[in-house]
Engineer: 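Dumping the structure here so I can ask a few things about it.
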There are 2 protein chains.
Amino acid sequence: MAEEAAVREQAEVVRRLKQDKAEPDEIAKEVAKLLEMKARLGADEGKHKFVLKTPKGTRDYGPKQMAIRERVFSAIIACFKRHGAEVIDTPVFELKETLTGKYGEDSKLIYDLKDQGGELLSLRYDLTVPFARYLAMNKITNIKRYHIAKVYRRDNPAMTRGRYREFYQCDFDIAGQFDPMIPDAECLKIVSEILSDLQLGDFLIKVNDRRILDGMFAVCGVPDSKFRTICSSVDKLDKMPWEEVRSEMVGEKGLSPEAADRIGEYVQLHGGMDLIEKLLQDPKLSQNKLAKEGLGDMKLLFEYLTLFGIVGKISFDLSLARGLDYYTGVIYEAVLLQQENNHGEDSVSVGSVAGGGRYDGLVGMFDPKGRKVPCVGVSIGIERIFSILEQRLEASEEKIRTTETQVLVASAQKKLLEERLKLISELWDAGIKAEVLYKKNPKLLNQLQYCEDTGIPLVAIVGEQELKDGVVKLRVVATREEV
Amino acid sequence: MAEEAAVREQAEVVRRLKQDKAEPDEIAKEVAKLLEMKARLGADEGKHKFVLKTPKGTRDYGPKQMAIRERVFSAIIACFKRHGAEVIDTPVFELKETLTGKYGEDSKLIYDLKDQGGELLSLRYDLTVPFARYLAMNKITNIKRYHIAKVYRRDNPAMTRGRYREFYQCDFDIAGQFDPMIPDAECLKIVSEILSDLQLGDFLIKVNDRRILDGMFAVCGVPDSKFRTICSSVDKLDKMPWEEVRSEMVGEKGLSPEAADRIGEYVQLHGGMDLIEKLLQDPKLSQNKLAKEGLGDMKLLFEYLTLFGIVGKISFDLSLARGLDYYTGVIYEAVLLQQENNHGEDSVSVGSVAGGGRYDGLVGMFDPKGRKVPCVGVSIGIERIFSILEQRLEASEEKIRTTETQVLVASAQKKLLEERLKLISELWDAGIKAEVLYKKNPKLLNQLQYCEDTGIPLVAIVGEQELKDGVVKLRVVATREEV
């Protein structure tokens, strides 16, 4: 009815426009009215054409994706447990004020819940801030935990590259006052173990320290107030050439060209223990207290990483800055060195697959008395890893099973449903993974086909002869062997 | 600074009110100004008194709760896999319109996201509607899947009884066109297996059928238009005595007292195969097509449940109605028969711990052409089970381990950090779960104490003598045995 009325109204407007000598701005008004009406009609149609989709930037995981996901999770969890971590979980939303002031500019990407009367809530943006809130709330000063859960960012999704609005984070963190760089080294060992276990190909872990960066900025002549914003510019070096970053520093951020050039010399440096030693001798850096502290700890870190046998995978890289504000010491990021691609098709473009660092101030932001709990942690970029493995699996001929069923209980003749149900019940009770077709009289061929399709290795065949003999025929699907 | 200024402004207002002969409405204005100022000052104070909590009706899971949670999940998942289920996952939020019109009155309990420009989103209320959306969207007509995830309801939380606003559901569903009652019977077998595996004590699974209920309403003289609302009243029989339910039917819902009394006679019936046979002979019910269908299927179900060996756990109960609108056939609900309580303290009040039924129309609501996919499923009430197990664990003396660490790498003397790190790295690389204290020179006693506290069974002790001999001393923490 509403539609009819609108159509009549529309016809009337058109008639008037044709007949009357309407003024130009009246015409404009009428056109606007028409457009509005059209939109309204469109919306009415839309009501019936229900859009069947998941929200923007999200996806369902079907059985195949879940099989990959569970493989990856179990490798990661095994590693976290190998290192003695406990596990915690927190709610998917937090009080809005818990997240306020923790993410700087990125706060605009936080999903808020509608105010339905009650508390103002937001979906968690990462697992680190809820972890810090958990520590402060429960006055925990000492814990090694992992947390695997989904986080939410209203970002521009790039789903083919594994960037979603709902995505998993796999975090491992060590909180507590300890001797320097031992927990930090363990985090790097964990990254190395996980990337090796998942067989993602060759990788490199870049390491730097916020104190070295800040010291470097100081000796290059960056004013204190510009440290964080210049740090953000440096962070872009993995996506932009130096020249562009330099012009951002000088043009947008008002840094002197001389200071920028001095930074430019430092940020191209990367290496190992030799570079650390060289910088410890650097006439300017060695005079800066922060830089000296950072370099001293970096040296210690490299010693520990040598003991852990992974120093060959590590690059001390002065261009590594990391986006988040809350880091206070060592920072790191793991990148895959090359993307294997068997078919020469588009390869998934993969950036960093793990990252983290030390954040000694975050828990104190939640404590009423500002008591600090030093923390260091790492987050595994699981969605990118999924993307790689999914693509690799698609390219290969490997058939992935989505169930673990060991045996199908089948019948050779009709009217044996009761016998099938009795047998499968015994199998279930004995802990055997078994299925049966939900048909009274399934054809044997269909039952065998089902095994082929789903990868069930064995069929237990109930037949009249077998029932007489009190036995069950067991058949191996692949070889057709029978016992 | 802002505070000081406000205080000064406030003093000024008070001074003027005292000195000047202000007009009444001017006074009112000034008072309003004062109140506003007070509120502003209050808000400023609030900024510093940050409330450290999780949102209403939610909780963190600490390592101990997680250990229980993972035990329960692994038992449930093992059962689902034993029955050949695949696993899927869906986003935590759906388009608002996906959830619209699926939950009747309960829709007011749905959490909506704030409109931040983009799609209108809501947090999922259960896993069944997202499952139906997933089937329709991917045109899947045949699947057996489980899904374990959190769902969200803005209900009144009763956390001691395991009722939260954020809680887990563990759903198992079979979708597809099959011969009657075989998948339905499997769902009941699964409930029985899980409740037995978790050793929750004695339980009973009540079973009924929406068609039997509707047939019963018809023969009792309930008008068609009142079927659903009278069904809701019947659903309250587990919490209210019949007299109250009857007066709701007659008083609030305008049912004739005669019809109510006829219902009253039926809903007190419960039993097994004998009751089914009796009702199949019932002069009124047996004339009703729906009831006859339902009773015929119920008979078949009991035959299958006998084959599955669980008929002793099942009660055909005419008072079982289930809240949700979308059920179309068999419905069921499992209740624990008694709460074990070792210490005679307050026992957790536990209602149903599992429930489900057949819903043949839901997927069709999402399909553009209304194509139906028959479904039957069960949801395990995991939070209530957690509550019981948590309380039981607290009452017992059992100490639950929250890590799986097998060995602590310790040192007997100072200055052996390098040796400890080298050894633990070898252990990790060999897949052994190992920890080390993050101290350069920890005391042996502290290291042994750490093992006692966390339940680590073995200590590998590095000492100077052992280094010379090229060995490591392995000590069993409990017995102090050394090798």
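To find a chain, count down the sequence lines: A is the first, B the second, and so on, and within it residues start at 1.
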Engineer: Just checking K415(B): does its NZ atom have more than 12 heavy atoms from other residues, nucleotides or ligands closer to it than 6.0 angstrom?
Structural biologist: no
Engineer: When heavy-atom pairs shorter than 4.5 Å are enumerated against chain B, which of T405(A), I432(A), L417(A), L52(A) gives the highest number?
Structural biologist: L52(A)
Engineer: What part of L121(B) gets within 4.5 angstrom of chain A, counting heavy atoms only: side chain, backbone, both, or neither?
Structural biologist: side chain
Engineer: What is the minimum heavy-atom distance between K81(A) and E70(B), and which atoms define it?
Structural biologist: NZ-OE1, 4.0 Å
Engineer: Quick one: of K440(A), M181(A), E419(A), who has the most non-hydrogen atom pairs under 4.5 Å with chain B?
Structural biologist: K440(A)
Engineer: Please determine whether side chain to side chain contact (heavy atoms under 4.5 Å, CB included) holds for the pair E97(B) and V51(A), giving the CA-CA distance in whole Å, both sets of side-chain angles, and the decisive distance to 0.1 Å.
Structural biologist: CA-CA 9 Å; E97(B) 57 177 341; V51(A) 187; 4.2 Å; yes
Engineer: If the threshold is 4.0 Å, N to carboxylate O, is there a salt bridge linking D89(B) and K150(A)?
Structural biologist: yes
Engineer: Between the side chains of R82(A) and D429(B), is the shortest nitrogen-to-carboxylate-oxygen separation below 4.0 Å, so that they form an ion pair?
Structural biologist: no
Engineer: Are E119(A) and K56(B) within salt-bridge range, i.e. N to O under 4.0 Å?
Structural biologist: no
Engineer: Considering only heavy atoms, which portion of K189(B) lies under 4.5 Å from any heavy atom of chain A: side chain, backbone, both, or neither?
Structural biologist: side chain
Engineer: Taking every heavy-atom pair that is under 4.5 Å apart, which of I424(A), L427(A), D115(A), V87(A) has the most such pairs with chain B?
Structural biologist: V87(A)
Engineer: Say whether, by atom type as modelled, one donor and one acceptor occur between the side chain of D112(A) and the main chain of K114(B) under 3.5 angstrom.
Structural biologist: no
Engineer: Looking at K144(A), R145(A), E303(A), which one has more heavy-atom pairs under 4.5 Å with chain B than the rest?
Structural biologist: K144(A)
Engineer: Check each atom of L123(A) against the heavy atoms of chain B and say whether the ones under 4.5 Å are side chain, backbone, both or neither.
Structural biologist: side chain
Engineer: Is A85(A) in contact with chain B via its backbone, its side chain, both, or neither, using a 4.5 Å heavy-atom distance?
Structural biologist: backbone
Engineer: I'd like to know which of M137(A), R401(A), K422(A) tops the heavy-atom pair count under 4.5 Å against chain B.
Structural biologist: M137(A)
Engineer: Does any heavy atom of chain B fall under 4.5 Å from the side chain of V92(A), the backbone, both, or neither of them?
Structural biologist: both
Engineer: Would the distance check show the side chain of R59(B) and the main-chain N or O of P91(A) forming a donor-acceptor pair, the cut-off being under 3.5 Å?
Structural biologist: no
Engineer: Are side-chain N/O atoms of E418(B) and Y304(A) paired as donor and acceptor at under 3.5 Å?
Structural biologist: no
Engineer: Highest number of heavy-atom pairs under 4.5 Å with chain B: which of N138(A), D197(A), I174(A), V436(A)?
Structural biologist: I174(A)
Engineer: Under 4.5 Å, counting heavy-atom pairs only, tell me which of H83(B), E94(B), K53(B), K64(B) racks up the most with chain A.
Structural biologist: H83(B)
Engineer: Where is the tightest heavy-atom contact between I88(B) and P63(A), given as atom of each residue plus distance?
Structural biologist: CG2-CD, 3.8 Å
Engineer: Fit a plane to each ring of F93(B) and Y152(A), take the angle between them on a 0 to 90° scale, and name the class: parallel (under 30°), tilted (30 to 60°) or perpendicular (over 60°).
Structural biologist: tilted
Engineer: Rounded to the nearest 0.5 Å, how far apart are CG of L423(A) and CG of L307(B)?
Structural biologist: 11.5 Å
Engineer: Taking atom types as modelled, find out whether T403(B) and E86(A) have a side-chain donor-acceptor pair closer than 3.5 angstrom.
Structural biologist: no
Engineer: Hey, what do you get for CG (L437(B)) to CG (D179(A)), rounding to the nearest 0.5 Å?
Structural biologist: 10.5 Å
Engineer: Between E426(B), Q406(B), E193(B), E166(B), which residue shows the highest count of heavy-atom pairs closer than 4.5 Å to chain A?
Structural biologist: E166(B)
Engineer: Are more than 12 heavy atoms, taken from residues, nucleotides or ligands other than K108(A), located less than 6.0 Å from that residue's NZ atom?
Structural biologist: yes
Engineer: At a heavy-atom distance under 4.5 Å, which candidate from R69(B), E186(B), R165(B) has the highest pair count against chain A?
Structural biologist: E186(B)
Engineer: Quick one: sort the Y438(A) and F178(B) rings into parallel, tilted or perpendicular, breaks at 30° and 60°.
Structural biologist: perpendicular
Engineer: Would you check, one step at a time, whether the test side chain to side chain contact (heavy atoms under 4.5 Å, CB included) holds for D60(B) with R133(A)?
Structural biologist: CA-CA 10 Å; D60(B) 294 319; R133(A) 192 264 309 145; 2.6 Å; yes
Engineer: Given that the side chain runs from C-beta out, which part of I110(A) has a heavy atom under 4.5 Å from chain B: side chain, backbone, both or neither?
Structural biologist: backbone
Engineer: Shortest non-hydrogen contact from Y111(B) to L113(A)?
Structural biologist: CD2-CD2, 3.5 Å
Engineer: Could you go step by step and tell me if Q116(A) and R154(B) meet the side chain to side chain contact (heavy atoms under 4.5 Å, CB included) rule?
Structural biologist: CA-CA 9 Å; Q116(A) 289 167 294; R154(B) 296 179 61 252; 3.3 Å; yes
Engineer: Between F308(A) and L421(B), is a side chain to side chain contact (heavy atoms under 4.5 Å, CB included) present by the stated rule, with each step listed?
Structural biologist: CA-CA 7 Å; F308(A) 283 166; L421(B) 293 186; 3.9 Å; yes
